[in-house]
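Structure first, then comments.
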2 protein chains.
Amino acid sequence: MKRQKRTTIYDIAQRLNLAASSVSRALSDSPKVNAATKALVLKTALEMNYQQNAMASNLRKGNNPTIGVVVPRINQNFFSNIIAGLEEVTYKKGYNLIICQSNELHAREVDCVNALINQHVSCIIISIAAETGDHNHLQQVLDHHIRLIQFDRVVEELDTFKVINDNERASFEAVTHLIEQGYKRIALLEGPQDINIFRQRKEGYLAALKNNGFPILEELMCENAWTKELGAVATVQLLNLPEPPDAIFASTSDFSALGVLEVATDKGISVPDALGICGYSNEPFTEITSPSITTVDQYSVSMGKTIANLFFQEMEVFEHSVEPKIVSIKPKLIVRKSTQRKISS
Amino acid sequence: MKRQKRTTIYDIAQRLNLAASSVSRALSDSPKVNAATKALVLKTALEMNYQQNAMASNLRKGNNPTIGVVVPRINQNFFSNIIAGLEEVTYKKGYNLIICQSNELHAREVDCVNALINQHVSCIIISIAAETGDHNHLQQVLDHHIRLIQFDRVVEELDTFKVINDNERASFEAVTHLIEQGYKRIALLEGPQDINIFRQRKEGYLAALKNNGFPILEELMCENAWTKELGAVATVQLLNLPEPPDAIFASTSDFSALGVLEVATDKGISVPDALGICGYSNEPFTEITSPSITTVDQYSVSMGKTIANLFFQEMEVFEHSVEPKIVSIKPKLIVRKSTQRKISS
DNA sequence: TTTTAGTATGCAATCGATTGCCTGATTATT
DNA sequence: AATAATCAGGCAATCGATTGCATACTAAAA
């Protein structure tokens, strides 16, 4: 059985003894076509079950109202919220969203980006994979005159639009809060330092310590404590130190913080009294654990909207070559029980 | 500043003094072109930074290796997992994914579906919105010879491929488990009954009661207890009954179950001893609450993969008009502390 | 009545890649 | 040496919609 052909403007034109151009104009409500004809065409189109072929239209018009999104993982709270936020805005503008996930792999990210370039999307919105490599693929995007917005995890040296969280500031506030609660030895679980956001969070941590005259202790900083499991491992190590920390800032994620909490609970260490815990991301579960976990909310859905708006307001048309802008969103510290000591400073 | 043109096969052809057709063939590695020429074209294409125009190619070839996905909410654990699973498979096949969310609204769902028809996608994968209406839009999909797969929340009377969970079975097992744990008055928090999955879960509940000779008590069934807040409200009502339930099966979601748990904790009702709680979906947080919540895992990521594979194996080519198939996945009851009584039956 | 303006519509090129068919050149076959 | 076979490449139509330009027709102005 052959694939039956779909009705085109030519079919409509033939049926009505019109030229295809008139049908096209009628359908796009051009003023150059008579009202009666317009109505007739519309009616016939409906009858014949016509649906425009977007590929043909976009090809001819030389633009594709589609935005490509590349994220490390689609099913991660932060990213799926970003996507939801993006969709909310792009939907209203009649744009489509093509979603790809890099699975944190550089090669796959490159693949996805190339596929999106092929698609001639109007814009690519990307948060780079943990496995970083060169960024020729991003340069390629620019070379093909496709707008590029980086968010959250960005390649800083690349001169593009960026929407980021003020990680350093948030981190600074979180650590300051811990200090205010009277914690004296504050450990840091940090992420891969070749990713900007983790560098920034470390900066914030260091700045807060300095600001309060606290010493910087190498043994209290654990690299790569990224997942719940790694967070737990790091915690065990930290607690075995001759002088263990009295607070742990899991700057990588709430999952990591959860690992910390589980180890503490296992060992019968009282949180927040003997150990303060602060996570990052405001995952839904942080509200539910006992005690609930202090964390940093990144306004992810609204960040998605911001990104989309940035495209529509600044980049969709580019009359003049716009100067890439960096939008920084200040995340919010959500203080919960895991850091609220009864004894106060 | 005008948008600079991207290099096309014509540009390459001109540079090499070849016909565009030869360039096209060379790029698609056709045997009709000399190896030396092929190499030359490839090299030149690279030099000139050529990227194929997928719109033109797809238009000519009359197919678009893209799959459209419509879900109620992108940032809901179940759906984002489905999408991740889909992407995993479609990526390998070189297909793109266009994602839309209906926000549980019928009108918006219709909009999304139409946009996808315009795009001439190869397949539409959909889970319908809570706000149901007619399903002309789905019929439209079929009329335009676009493959359609419904999953999870499906319109049963529409003869399409479907991938569903065996909700009734899972629900039956959950309630049976409660009975085995010695609970005697088991309440049900149910979802909108015009959505198939919620009907099925109720069926399973009823079947399990009957199967064990338990009476069906209207006052123990609460409609529309869908969110955490509604779950809490329903729980308060249930607990105020002259004969309150000793177990609550929140068949709508884990969020609902969480609402139940919070009310119980507030009122100092011991879970699982005085009140058993079972949720649905295996949201990550169910493992973390105290006590952890018994729930039903839907294998969402793997379900996504199943859906995509269904398309590639059965529908991508349709030699013969294939008979729509229904794939039913048996979810798994995850027994946790919220239903494990020390006193056993 | 002729000119002008304006309206509605048609013609044909175009977007970029693909592909059936044809041709010229080279090699193989008898 | 003549014919057939093979290879490499070119020509031109095609996918479906859009759009600049041309044209036929009507109505208004001179």
Side-chain angles (χ1 to χ4, degrees), chain A residues 2-42 44-45 48-66 117-122 144-145, chain B residues 2-42 44-45 48-66 117-122 144-145:
Chain A
K2 253 246 300 304
R3 187 80 169 282
Q4 202 183 311
K5 268 192 49 178
R6 293 168 42 154
T7 76
T8 69
I9 51 169
Y10 294 95
D11 301 326
I12 300 178
Q14 196 164 35
R15 168 96 82 100
L16 296 178
N17 232 333
L18 269 175
S21 47
S22 296
V23 175
S24 171
R25 291 197 181 98
L27 291 171
S28 61
D29 201 28
S30 148
K32 299 196 65 177
V33 50
N34 182 289
T37 318
K38 221 179 260 184
L40 186 61
V41 169
L42 250 49
T44 314
M48 299 180 74
N49 207 13
Y50 171 79
Q51 285 273 3
Q52 196 206 41
N53 183 326
M55 289 185 293
S57 171
N58 295 340
L59 172 60
R60 175 60 229 251
K61 294 202 281 197
N63 85 316
N64 183 357
T66 297
I117 294 177
N118 280 179
Q119 290 289 329
H120 279 228
V121 294
S122 299
H144 282 90
H145 309 100
Chain B
K2 255 248 300 303
R3 188 81 170 279
Q4 202 182 312
K5 269 193 47 176
R6 292 167 45 154
T7 75
T8 70
I9 52 170
Y10 294 96
D11 301 326
I12 300 178
Q14 194 165 36
R15 167 98 80 104
L16 296 178
N17 232 333
L18 270 174
S21 47
S22 296
V23 175
S24 171
R25 292 197 178 98
L27 291 171
S28 62
D29 202 27
S30 146
K32 296 199 66 180
V33 50
N34 183 289
T37 318
K38 220 178 263 184
L40 185 61
V41 169
L42 250 50
T44 315
M48 298 179 74
N49 207 13
Y50 171 79
Q51 286 273 4
Q52 197 206 41
N53 183 327
M55 289 185 294
S57 170
N58 295 339
L59 172 60
R60 175 60 228 252
K61 294 202 281 197
N63 85 316
N64 183 356
T66 297
I117 294 176
N118 280 179
Q119 289 289 330
H120 279 226
V121 295
S122 299
H144 282 91
H145 309 100

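In what follows, chains are A, B, ... by sequence order, proteins preceding strands, each numbered from 1. Owing to the predicted nature of the structure, the values given are computational and were not obtained by experimental measurement.
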Rounded to 10 degrees, the angle between the two terminal axes of the helix from C:dT1-D:dA30 to C:dT30-D:dA1, each from five pairs: 50°
side-chain N/O B:Ser57 vs C:dT18 OP1/OP2, d < 4.0 Å: yes
Sugar-phosphate, base or nothing in reach of B:Ser24, heavy atoms under 4.0 Å: base
First encountered from the 5' end of DNA chain D, between B:Tyr10 and A:Tyr50: B:Tyr10
Phosphate contact (C:dT19 OP1 or OP2) by B:Ser21 side-chain N/O below 4.0 Å: no
Sugar-phosphate, base or nothing in reach of A:Ser28, heavy atoms under 4.0 Å: nothing
N or O in side chain of A:Asn53 less than 4.0 angstrom from D:dG16 OP1/OP2: no
No-H, no-angle donor-acceptor pair, A:Arg60 side chain to D:dG20 base, under 3.5 Å: no
Atom pair distance, as rounded to whole Å: CD in B:Gln51 and P in C:dA17: 11 Å
Atom-to-atom span, NZ of A:Lys61 to C1' of C:dG16 - whole angstrom: 17 Å
Touch class at under 4.0 angstrom, heavy-atom based, for A:Asn17 against every strand present: sugar-phosphate
Atom-to-atom span, CZ of A:Arg6 to C1' of D:dT14 - whole angstrom: 18 Å
Touch class at under 4.0 angstrom, heavy-atom based, for B:Leu27 against every strand present: nothing
